[in-house]
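Here's the structure, in structure tokens; my notes come after.
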Amino acid sequence: MRVVVPFSADRPKTRLSDTLDPTERRAFARAMLGDVVETVRDAGADPEVLATEPVEVDAPVEVDDRRLSLAVNDALRDGLPAAVVMADLALATQRSVRRLVDTEGDVVVAPGRGAGTNAIVVRHPEFRVDYHGASFLDHADAARELGAAIRVVDSFRLATDVDEPSDLVELLVHGDGAARDWLVDAGFELDDDGGRVGIRRR
Ligand SMILES: Nc1nc2c(ncn2[C@@H]2O[C@H](COP(=O)(O)OP(=O)(O)OP(=O)(O)O)[C@@H](O)[C@H]2O)c(=O)[nH]1
Ligand SMILES: C[C@H](OP(=O)(O)O)C(=O)O
């Protein structure tokens, strides 16, 4: 199955601005992209990166700097079925991606926290993505309006998109790819000194 991996190359991860400087955010986002592409391929699917600017990665890259939903809907027109897996799902595993693409349904969604849509499989020819805000609810409504069968994949690993500093804790604990290595090399470690486990930088 085609797996489109959208990647905002130019100004990535602005919600991590208090934790990483712009250069670090680009490098960290790029490390997560590489992990997602490798995981998708290990799951036996075919990654295609949809980036806002050229990027060196082990997968075909299409550059499209239009807004996310517009670019993704155009990419979906290149052939269904197709999945869209976000480039910041650094905890995704071969098994969780396989579970996503093997789940039957006209539209299959792996929700993210905050009513997001972290990954989606589209088999219905008239379905269109509409990202940002409560996109999970918007996608469920859109599927119902089409009479499309929608399925939800409840997965910790697909639900964890790395957007904010608290997400870095999950990556340190559960990740095992280049993005986690990048964090460790940058001096990040768990802060387990009482209360909820956080993150600190040596
Ligand atoms: N191709 C493309 N990818 C995008 C765009 N906006 C976000 N993405 C990607 O979509 C995924 C989810 O988006 P966000 O979580 O908002 O990522 P982000 O924009 O880097 O993060 P913030 O700046 O904190 O919003 C990430 O993998 C982004 O790289 C876009 O306009 N075009
Ligand atoms: C892609 C987008 O991510 P967010 O902007 O919500 O982090 C969404 O999940 O709709």
Side-chain angles (χ1 to χ4, degrees), residues 2-40 47-57 59-78 82-92 97 100 107-122 127-143 150 152-155 157-168 170-171 175 177-179 182:
R2 292 180 62 212
V3 178
V4 177
V5 182
F7 180 61
S8 171
D10 41 341
R11 294 179 310 283
K13 301 290 112 188
T14 57
R15 283 170 275 185
L16 290 173
S17 300
D18 293 341
T19 308
L20 300 173
D21 70 30
T23 303
E24 291 175 324
R25 290 202 303 275
R26 283 175 70 98
F28 179 57
R30 176 60 191 77
M32 291 197 287
L33 171 67
D35 284 349
V36 171
V37 164
E38 184 179 347
T39 298
V40 165
E48 305 170 15
V49 174
L50 179 62
T52 54
E53 62 184 36
V55 59
E56 282 293 316
V57 64
V61 177
E62 180 178 344
V63 177
D64 187 337
D65 65 358
R66 294 176 297 171
R67 63 182 181 82
L68 179 59
S69 298
L70 204 56
V72 168
N73 282 322
D74 246 15
L76 291 176
R77 288 189 188 94
D78 291 342
V84 184
V85 174
M86 295 315 191
D88 55 4
L89 301 190
L91 272 61
V97 170
L100 173 79
V107 179
V108 178
V109 181
R113 285 186 307 283
T117 301
N118 283 2
I120 190 168
V121 175
V122 178
F127 183 84
R128 299 291 178 269
V129 296
D130 180 13
Y131 287 116
H132 302 309
S135 65
F136 171 73
L137 298 176
D138 296 338
H139 289 145
D141 290 344
I150 186 164
V152 176
V153 173
D154 181 5
S155 160
R157 289 183 171 276
L158 296 180
T160 306
D161 49 332
V162 180
D163 278 337
E164 297 166 352
S166 58
D167 300 322
L168 301 180
E170 307 306 335
L171 183 54
W182 188 94

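Counting starts at 1 for both ligands and their atoms, in listed order. Heavy atoms only: backbone and side chains are in, while hydrogens, waters and symmetry mates are out.
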Can you name the side-chain hydrogen bond (donor to acceptor under 3.5 Å, both in side chains) partners of D141, sequence neighbours left out? R144
For R26, give me all partners under side-chain hydrogen bond (donor to acceptor under 3.5 Å, both in side chains), at least two apart in sequence or on another chain. E53
Please report which non-hydrogen protein atom sits nearest to [atom], along with the residue it belongs to and the distance in Å to one decimal place.
atom                    : answer
atom 1 (N) of ligand 1  : L50 O, 2.9 Å
atom 23 (O) of ligand 1 : T14 OG1, 2.7 Å
atom 24 (O) of ligand 1 : R15 NE, 2.8 Å
atom 27 (O) of ligand 1 : A87 N, 3.0 Å
atom 28 (C) of ligand 1 : S8 N, 3.7 Å
atom 31 (O) of ligand 1 : L68 N, 3.5 Å
atom 13 (O) of ligand 1 : D88 OD2, 4.5 Å
atom 3 (N) of ligand 1  : F7 N, 3.4 Å

Check: [X] side chain, [Y] main-chain N or O, donor-acceptor pair, under 3.5 Å:
X    : Y    : result
R25  : L20  : yes
R15  : E164 : no
D161 : D88  : no
E170 : D167 : no

Which residues share a side chain to side chain contact (heavy atoms under 4.5 Å, CB included) with D18, sequence neighbours left out: none
So, is [X] polar-close to ligand 1, with some N/O to N/O distance under 3.5 Å?
X    : answer
K13  : yes
P6   : yes
M86  : no
P12  : no
H132 : no

Between [atom1] on residue [X] and [atom2] on residue [Y], distance to nearest 0.5 Å:
X    : Y    : atom1 : atom2 : answer
T160 : N118 : OG1   : CG    : 8.0 Å
D138 : S69  : CG    : OG    : 9.5 Å
F7   : E62  : CZ    : CD    : 15.5 Å

With heavy atoms under 4.0 Å as the rule, classify the contact between L33 and ligand 1 as side chain, backbone, both or neither. neither
Kindly determine whether D163 and R113 satisfy salt bridge (charged side-chain N to carboxylate O under 4.0 Å, His left out), including the steps that lead there. CA-CA 10 Å; D163 278 337; R113 285 186 307 283; over 6 Å; no
If we count only N and O atoms by modelled type, under 3.5 Å, do the side chains of D10 and T52 hold a donor and an acceptor together? yes
Out of the candidates I150, V107, V153, only one should pair with I120 under the side chain to side chain contact (heavy atoms under 4.5 Å, CB included) rule; please name it. V107
Classify the ring geometry of W182 against F28: parallel below 30°, tilted from 30° to 60°, perpendicular beyond 60°. tilted
D163 heavy atom under 4.0 Å from ligand 1: yes
Sorted by chain and residue number, the residues having a heavy atom closer than 4.0 Å to an atom of ligand 2 are R15, L68, M86, G116, T117, Y131, H132, S135, D163
If we number the atoms of ligand 1 from 1 as shown, the ones under 4.0 Å from a heavy atom of T52 are 1 (N), 2 (C), 30 (C), 32 (N)
